[in-house]
Amino acid sequence: MSVTTRFAPSPSGLLHAGHAYSALRAWDFATKHGGNFILRIEDIDFNRCNREYEDLLKRDLAWLGLEWQEPTRRQSDHIEDFQQAADQLAGGGLLYPCFCTRKEILAEIERAGGAPHGSEGPVYPGTCRSLSNDEGAARIAAGENYALRLDLSAALLRFSTAFEWQDLESGTITVSADDWAQIGDVVLVRKDIKTSYHIAVVIDDALQGISHIVRGKDLFESTHIHVLLQALLGLPQPVYLHHELITDRDGKRLAKRDESETLAALREKGVTVAQLREKLGLSL
Ligand SMILES: [Zn+2]
């Protein structure tokens with residue numbers, strides 16, 4: 001079996017030890033299996049990303065000893081690929097426009113007496129699902145801004161068996177009705193950036209022939225959505241490896257705002273890659 005892994009950071013801040021851990025796990029997995037390692041720049045969120053961070057993260061990854069082919073795929077150069085995928089889903093009647101603001105969604109949830117809480121926050125109560133096509137079209141024609149949401153129930157009706165995917169650490173994962181209830185009608189085309197992480201990552205993983213996706217446990221639940229999208233779009237399902245998240249001394253997950261733990265700061269303090277690997281529990 002040929003192995004291709006990837007590391008796909010967002011250039012929205014400096015990389016820290018948590019990113020290094022994820023990148024090294026993907027790199028080590030590829031090299032151990034004589035495979036390829038791909039670097040992809042996930043910069044669809046133009047409000048948060050910039051080129052300066054892209055240069056800095058490449059410098060950090062080179063310091064870690066990683067090698068990749070240039071040019072790297074930059075997601076912002078391929079928005080039309082993602083829009084095509086959304087069009088395909090919309091053509092199958094699986095997307096609907098949602099005009100709700102965050103405030104309206106929270107108010108609706110309060111009225112309904114609560115909502116299941118998933119990894120991305122409270123589940124969307126489905127307010128706009130019942131809008132007629134005419135009403136939706138009229139509001140769009142009137143210039144109202146909208147997101148496109150996946151009609152999850154309609155999507156799942158296409159499949160007769162439960163979704164399964166493979167995780168190299170957790171084994172075979174079966175997505176239960178309860179898991180889906182905590183996901184709900186996710187946004188696949190955001191109001192602001194006209195696509196979404198879920199669509200972009202699924203399309204690029206397929207386009208780039210990623211066989212093994214190594215990433216943090218924070219994305220475990222997102223994988224349920226990704227395998228559903230892969231099935232709906234006729235894309236292959238890769239194997240996953242969700243690793244533990246690296247935390248700081250207080251057990252808090254490292255965040256981009258923790259400047260003291262950035263790779264640049266560690267390097268400046270004289271920390272070597274070998275020392276960093278040891279600290280992260282990774283062999284050389
Ligand atoms: Zn809505």
Side-chain angles (χ1 to χ4, degrees), residues 10 12 42-49 75-76 79-159 163 175-203 218-233 235:
S10 289
S12 59
E42 295 202 336
D43 63 343
I44 51 171
D45 194 342
F46 49 79
N47 301 311
R48 295 169 54 234
C49 297
Q75 288 189 319
S76 61
I79 299 290
E80 63 283 2
D81 290 344
F82 312 138
Q83 283 169 343
Q84 238 169 52
D87 288 347
Q88 194 181 329
L89 296 172
L94 298 179
L95 302 186
Y96 64 85
C98 169
F99 303 92
C100 301
T101 61
R102 196 176 294 264
K103 216 169 137 186
E104 285 166 345
I105 293 173
L106 292 175
E108 178 60 31
I109 288 170
E110 200 169 83
R111 256 198 304 279
H117 214 89
S119 61
E120 290 182 38
V123 171
Y124 177 65
T127 321
C128 295
R129 198 191 305 124
S130 54
L131 291 179
S132 69
N133 288 345
D134 286 352
E135 196 177 342
R139 288 176 72 171
I140 290 169
E144 244 188 279
N145 202 3
Y146 62 99
L148 291 175
R149 288 184 180 273
L150 176 68
D151 187 336
L152 181 66
S153 309
L156 291 176
L157 272 179
R158 303 263 173 112
F159 305 95
F163 272 86
V175 190
S176 68
D178 220 38
D179 293 325
W180 290 123
Q182 285 176 26
I183 289 169
D185 291 352
V186 286
V187 169
L188 293 185
V189 177
R190 276 168 47 175
K191 276 182 184 174
D192 52 352
I193 61 173
K194 299 303 170 197
T195 185
S196 64
Y197 166 69
H198 297 310
I199 292 245
V201 75
V202 159
I203 292 301
D218 53 327
L219 289 166
F220 194 92
E221 279 80 24
S222 292
T223 302
H224 303 331
I225 305 167
H226 298 172
V227 297
L228 171 59
L229 291 178
Q230 285 151 6
L232 289 169
L233 295 166
L235 305 172

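We number each residue from 1, following the sequence as shown. Computed from a prediction, not measured in an experiment: that's the story for all the values here. Counting convention: from 1, in listed order, for ligands and their atoms alike.
- Shown here are the ring-ring contact (aromatic ring centres under 6.0 Å, His included) partners of Tyr96, two or more places apart in sequence or in another chain: there are none.
- Near the Zn ion (ligand 1), less than 2.8 Å away, sit the protein N, O or S atoms Cys98 SG, Cys100 SG, Tyr124 OH, Cys128 SG.
- Here the closest non-hydrogen pair linking Ala155 and Leu150 is CB-CD1, 4.1 Å.
- Note: Phe163 and Trp180 have perpendicular aromatic rings, judged against thresholds of 30 and 60 degrees for the angle between ring planes.
- In this view, Phe220 and Trp165, His242 satisfy the ring-ring contact (aromatic ring centres under 6.0 Å, His included) rule, not counting sequence neighbours.
- With sequence neighbours excluded, no residue forms a salt bridge (charged side-chain N to carboxylate O under 4.0 Å, His left out) with Asp151.
- Formation of a donor-acceptor pair under 3.5 Å by the Asp43 side chain with backbone atoms of Ser76 is found in this model.
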